[in-house]
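Following: one structure in structure tokens, then a few remarks.
Reckoned from all heavy atoms, side chains included, excluding hydrogens, waters and symmetry mates. Whatever order the structure lists them in is the order used to number ligands and atoms, beginning at 1.
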Amino acid sequence: MALSFLPSLLLSLVVFFLLHTTTNGAKKSYVVYMGAQSHLFDASLQELDTVTNSHLDLLGSFVGSTVKAKDAIIYSYTRHINGFAAMLDEKEAAEIASAWPESRSFQDTGLGPVPAKWRGICQPGHEDGVRCNRKLIGARYFNKGYAADLGTPLNKSLNSARDLDGHGSHTLSTAGGNFVPHTSILNITNGTASGGSPRARVAAYKVCWPVPNTDGVCYDADIMAAVDAAISDGVDVLSMSIAGAGGIEFFRDGISISSFHAVKNNIAVVCSAGNDGPTPETLSNVSPWILTVGASTTDRNFANYVSLGDKKQIEGISLSASGVPGGKFYPLISAANGNYANTSTTSALLCFAGSLDPKKVKGKVVLCLRGENARVEKGSECLRAGAVGMILANNVTDGNDLSADPHVLPASHINYTDGQIIFAYLNRTKNPTASVTDVKTLLGVKPAPFMAAFSSRGPSTIEPTILKPDITAPGVSILAAYTEAASPTGLDNDKRRFPYSVLSGTSMSCPHVAGIVGLLKTRYPHWSPSAIKSAIMTTAKTQDNTRKSILDSSTVEATPFAYGSGIFGWAIWSLSIS
Ligand SMILES: *[C@@H]1O[C@H](CO)[C@@H](O)[C@H](O)[C@H]1NC(C)=O
Ligand SMILES: *[C@@H]1O[C@H](CO)[C@@H](O)[C@H](O)[C@H]1NC(C)=O
Ligand SMILES: *[C@@H]1O[C@H](CO)[C@@H](O)[C@H](O)[C@H]1NC(C)=O
Ligand SMILES: *[C@@H]1O[C@H](CO)[C@@H](O)[C@H](O)[C@H]1NC(C)=O
Ligand SMILES: *[C@@H]1O[C@H](CO)[C@@H](O)[C@H](O)[C@H]1NC(C)=O
Ligand SMILES: *[C@@H]1O[C@H](CO)[C@@H](O)[C@H](O)[C@H]1NC(C)=O
Ligand SMILES: *[C@@H]1O[C@H](CO)[C@@H](O)[C@H](O)[C@H]1NC(C)=O
């Protein structure tokens with residue numbers, strides 16, 4: 001079976017051993033050895049052809065096209081040995097041999113030849129293109145709609161399906177990433193990473209493109225071209241972590257129209273509900289043929305602790321692995337008092353970039369207030385001003401809504417009530433001090449799951465009589481593969497690189513469901529997309545791990561306009577917590 005994902009961006013891993021043989025002018029013949037074939041002696045001619053085509057695709061991605069690859073290849077080893085011999089110049093050979101910074105989640109260990117029914121391609125493009133293997137069996141990019149709107153010629157580096165921001169690697173590996181033991185995530189955890197359908201073949205169709213200072217943009221023109229290609233390539237499941245503006249009529253919405261054609265062709269389509277909650281009527285992707293997924297928490301927290309000089313200890317959450325140096329106490333300052341002479345106390349309290357004076361802040365733990373600017377940007381400002389740690393306190397309207405972020409310095413995000421405790425401690429103490437511990441992973445957290453505040457809510461404004469979303473799935477602090485082209489915070493001055501990272505959003509919950517759809521499709525090949533959707537919705541539960549109704553942002557009871565038919569995959573999920 002093949003899963004396919006939008007938008008995607010990707011990373012693949014192929015292991016090469018390059019053996020040099022004979023010389024002919026500038027080009028020399030090289031053997032590219034990729035291990036053993038896993039098919040048996042009775043492989044059909046068609047299967048052998050598929051292997052050769054995969055060699056041509058791979059070689060083509062280095063030499064520029066499959067036509068050039070056909071000229072260069074002298075042998076394709078298809079029966080027992082997996083590899084090929086080709087005439088290459090030194091530079092091409094060096095490129096093939098270099099270790100691409102590729103994700104282990106897309107390694108093809110243990111997988112046989114690419115299924116004969118697969119008609120997709122590994123699209124050659126810009127030199128920094130994508131290499132496919134027997135796991136990542138396709139990669140295409142669609143940028144003509146984007147280019148048309150931009151009106152200026154595209155930067156050539158955009159002619160590639162390569163993942164430059166991590167979203168595609170994360171979503172694709174959540175749905176179909178292979179088992180990867182001993183994986184560290186942001187230096188915090190260490191365990192086996194795997195997608196919902198770990199043995200699935202995956203393909204990426206990149207349709208979303210960068211726009212400065214935004215999350216990027218995905219044009220209907222590109223989405224429709226990608227889905228059209230995916231249907232003809234032979235995918236079984238489409239996972240679309242894209243949400244457009246809500247409130248668009250079914251037949252004026254590119255995702256709605258193209259997914260209709262996919263479902264007509266027996267392809268299950270899973271989409272994100274959107275991240276515009278908790279306001280009602282904020283849903284995207286409400287067509288009845290789509291499986292629409294909201295986002296909720298899991299029973300896992302990444303916790304650390306703030307200790308105050310008066311011995312009070314407060315629990316917060318964070319993804320910055322280490323605590324303050326030596327676990328010692330340091331002077332504590334409210335960011336409002338750390339301002340430059342030319343900066344207002346209000347912008348300093350919010351830790352705006354350029355607001356904190358190193359003379360006041362250096363070597364201290366800084367208490368910043370949430371709001372206005374990005375949370376990780378506040379951490380970045382504290383680090384710039386020489387702070388040893390940051391405490392990020394919620395403002396009153398944020399209540400208990402906390403977010404584990406990969407801050408660039410030791411940091412802890414605490415709730416409103418706890419923030420007030422620290423402000424009061426600062427007010428009444430002459431030499432206030434604080435310490436922040438390392439992060440540890442807490443399991444079996446209760447109550448869980450509860451709805452994420454950001455998950456878009458129904459009812460559908462297009463057709464209120466169809467209940468949407470259909471289901472909710474894990475979408476908060478999700479661990480999965482990442483690109484090493486970007487830092488975990490996305491900030492330019494953050495030079496850290498990790499092969500796995502943590503993201504939150506309905507983009508993350510959607511591929512959880514797509515992975516399980518893949519398993520169901522493998523187990524019950526004759527089930528239609530509607531039968532699969534029905535099975536998933538009718539096995540959902542509306543109680544959490546305290547046997548009470550699912551909560552909304554951990555405070556009041558949630559409604560079906562938040563979670564649809566309930567928590568997805570209860571049987572599987574409850575195993576992991578018992
Ligand atoms: C094209 O993109 C590359 C990589 O992001 C960048 O280094 C280069 O400056 C860009 N070129 C132009 C003309 O914008
Ligand atoms: C995870 O733990 C295993 C076993 O203790 C160790 O061999 C491995 O190096 C660790 N991985 C990382 C990335 O820290
Ligand atoms: C992650 O941990 C390793 C091993 O302890 C260390 O060398 C590395 O600097 C850490 N990376 C970051 C970004 O903290
Ligand atoms: C405020 O003062 C600091 C230190 O003197 C200076 O670096 C910064 O550029 C000033 N900011 C503005 C907005 O003038
Ligand atoms: C905190 O939230 C309140 C209520 O929304 C708002 O009026 C206030 O401006 C916020 N404080 C800051 C410093 O942003
Ligand atoms: C947040 O505040 C409440 C008090 O309203 C407290 O009981 C709770 O434990 C706090 N911390 C977290 C991490 O939710
Ligand atoms: C701390 O003092 C400031 C300034 O006097 C005041 O605005 C604030 O309300 C006080 N905070 C608490 C929690 O007592």
Considering heavy atoms of the protein only, find what lies nearest to atom 6 (C) of ligand 6 and give residue, atom and distance to 0.1 Å. Asn415 ND2, 4.2 Å
Roughly how far, to the nearest 0.5 Å, is CD1 of Ile536 from CD1 of Ile516? 7.5 Å
Of the protein's non-hydrogen atoms, which lies at the shortest distance from atom 5 (O) of ligand 5, and what is that distance? Thr397 CG2, 3.5 Å
With backbone taken as N, CA, C and O and side chain as the heavy atoms from C-beta onward, which portion of Asn400 lies under 4.0 Å from ligand 6: side chain, backbone, both, or neither? side chain
Can you find a protein heavy atom under 4.0 Å from atom 2 (O) of ligand 5? yes
Closer than 4.0 Å: a protein non-hydrogen atom to atom 11 (N) of ligand 5: yes
Can you spot which of Asp398, Leu402, Ile414 makes a side chain to side chain contact (heavy atoms under 4.5 Å, CB included) with Arg370? Asp398
Mark up the atoms of ligand 6 that fall under 4.0 Å of a heavy atom belonging to Asp418, in ascending order. 1 (C), 10 (C), 11 (N)
Which residue is it: Met451, Lys468, Glu281? I am looking for the one with a side chain to side chain contact (heavy atoms under 4.5 Å, CB included) to Arg457. Met451
State whether the SG distance for the cysteine pair Cys510/Cys271 is less than 2.5 Å. no
Using a strict threshold of under 4.0 Å (side-chain N to carboxylate O), is an ion pair present between Lys378 and Asp405? no
Report yes or no: do Asn493 and Ser380 form a side-chain donor-acceptor pair below 3.5 Å? yes
Protein heavy atom at shortest distance from atom 13 (C) of ligand 5: Leu369 CD2, 3.5 Å
Polar contact flag, side-chain donor to acceptor under 3.5 angstrom, Ser412-Asn304: yes
Starting from atom 8 (C) of ligand 5, which protein heavy atom do you reach first, and at what distance in Å? Asn395 ND2, 3.8 Å
So which protein heavy atom does atom 4 (C) of ligand 4 come closest to, and at what separation? Tyr340 CE2, 3.4 Å
Is there a donor-acceptor contact under 3.5 Å linking the side chains of Asp310 and Tyr425? no
Assess, by modelled atom type and distance only, whether the side chains of Ser105 and Tyr500 contain a donor and an acceptor separated by less than 3.5 Å. yes
What are the atoms of ligand 6, with element, lying closer than 4.0 Å to any heavy atom of Glu315? 13 (C)
Just heavy atoms, cut-off under 4.0 Å: does Ile317 contact ligand 6 by side chain, backbone, both, or neither? neither
Are any of the N or O atoms of Thr343 closer than 3.5 Å to those of ligand 4? no
Checking a contact table here: which protein heavy atom is nearest atom 14 (O) of ligand 4, and how many Å away? Asn342 ND2, 3.1 Å
